[in-house]
Amino acid sequence: MKSTLVLLALCILTGASFAQEHPAVTALPNSVYVGADGKFESAPDTAVIRFNISVQENTSQAAYEHASKDAEQVRQVLHANGIEPKAANVGFLSVQPMYDWKSTRQKVIGYRVTTDVTLKLKDFSKIGPITQQLADANVSETQTLNYTLETIDDAKNKAVEDAYRRARNSADAIARASGRIVGELSYASVDTFENQRVPVPRMARPMAAKAEAAPAPTEEFTPQTVTVTAHVNALFNLK
């Protein structure tokens with residue numbers, strides 16, 4: 001009688017991003033347990049512009065009115081580019097008294113009103129005009145531009161498929177080496193991770209464009225992508 005063959009392949013993860021605990025799997029006779037990493041890279045589909053409205057005046061009413069005028073300028077910039085103002089998320093207006101700390105008594109010398117604005121764009125061609133017009137309107141000291149991938153589910157699925165394919169290939173290699181054949185999948189665990197890089201900080205007051213615009217810094221280069229990675233642990237039966 002042939003002795004029962006037990007094959008066990010352990011995948012040791014060294015990356016910090018994969019340092020997660022997985023459910024314990026008991027080694028079964030005539031089975032192979034493998035783990036593999038996979039990834040999928042996709043171009044970003046959303047540009048996120050973040051800036052703040054911040055003003056300071058002698059009175060709280062004057063500061064509030066000033067902030068309201070700046071908010072109206074933001075509305076005009078959006079309308080000018082065919083974007084509804086509701087597409088931008090605006091935080092609550094924060095009113096803070098400003099004190100003269102050099103005085104022995106806490107003397108109020110003014111009031112600051114601030115709020116944060118976040119705008120998501122699908123049409124990347126509007127990024128340049130909007131950031132330029134916001135800078136010209138002088139409503140914010142800085143702007144931050146990030147690119148993200150909002151339709152992330154499809155990318156995750158493709159990363160998982162890549163990881164499973166690699167795990168299955170490892171299982172097939174072990175089975176061939178032992179004269180066996182991989183059977184049906186008995187167990188699997190999946191982890192996915194997003195690498196939302198591509199931050200692009202922007203100054204709020206860019207230099208005026210020349211008569212003949214120079215090529216964009218990224219023109220003719222390969223744009224950065226959003227990487228989604230996955231790890232699959234799989235237990236296969238052996239024939």
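Quantities reported herein were computed from a predicted structural model and do not represent experimental measurements.
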> Arg166: what forms a side-chain contact (heavy atoms from CB on, under 4.5 Å) with it, not counting sequence neighbours?
Replying inline: Ala36, Asp162

> Can you list the steps and then say if Ser186 with Asn237 is a side-chain contact (heavy atoms from CB on, under 4.5 Å)?
Replying inline: CA-CA 6 Å; Ser186 178; Asn237 294 325; 3.9 Å; yes

> Looking at residues at least two apart in the chain, or sitting in another chain, which of them share a side-chain hydrogen bond (donor to acceptor under 3.5 Å, both in side chains) with Thr115?
Replying inline: none

> Applying side-chain hydrogen bond (donor to acceptor under 3.5 Å, both in side chains), which residue pairs with at least one partner in residues 52-63 are found, sequence neighbours left out?
Replying inline: Asn52-Ser140, Ser54-Arg112, Gln56-Arg112, Glu57-His66, Gln61-Glu65

>> Using the ring pair (Phe, Tyr, Trp, His ring centres under 6.0 Å) criterion, which residues pair with Tyr64? Sequence neighbours excluded.
In response: none

> Below 4.0 angstrom, N of the basic side chain to O of the carboxylate: do Arg168 and Asp172 qualify?
Replying inline: yes

Cut-off 3.5 Å, no hydrogens considered: what does the side-chain donor-acceptor table look like for residues 71-91, sequence neighbours left out?
{"residue": "Glu72", "atom": "OE1", "partner": "Arg75", "partner atom": "NH1", "Å": "2.9"}
{"residue": "Asn81", "atom": "ND2", "partner": "Val77", "partner atom": "O", "Å": "2.7"}
{"residue": "Asn81", "atom": "ND2", "partner": "Gln133", "partner atom": "OE1", "Å": "3.1"}

>> List the residues meeting side-chain contact (heavy atoms from CB on, under 4.5 Å) with Ala171, not counting sequence neighbours, and say none if there are none.
In response: Val32, Val34, Val182, Phe236

>> Which residues pass the side-chain hydrogen bond (donor to acceptor under 3.5 Å, both in side chains) test with Lys126, not counting sequence neighbours?
In response: none

> Who passes salt bridge (charged side-chain N to carboxylate O under 4.0 Å, His left out) against Lys69, sequence neighbours left out?
Replying inline: none

> By side-chain contact (heavy atoms from CB on, under 4.5 Å), which residues pair with Ile109, not counting sequence neighbours?
Replying inline: Met98, Asp100

> Sequence neighbours excluded, which residues qualify as side-chain hydrogen bond (donor to acceptor under 3.5 Å, both in side chains) partners of Asp153?
Replying inline: none

> How would you list, by chain and number, every residue that makes a side-chain hydrogen bond (donor to acceptor under 3.5 Å, both in side chains) with Asn157, sequence neighbours excluded?
Replying inline: none

>> Just checking Lys239: does its NZ atom have more than 12 heavy atoms from other residues, nucleotides or ligands closer to it than 6.0 angstrom?
In response: no

> Thr151: what forms a side-chain contact (heavy atoms from CB on, under 4.5 Å) with it, not counting sequence neighbours?
Replying inline: Asp45, Leu149

> Where is the tightest heavy-atom contact between Ala175 and Leu238, given as atom of each residue plus distance?
Replying inline: CB-CD2, 4.0 Å

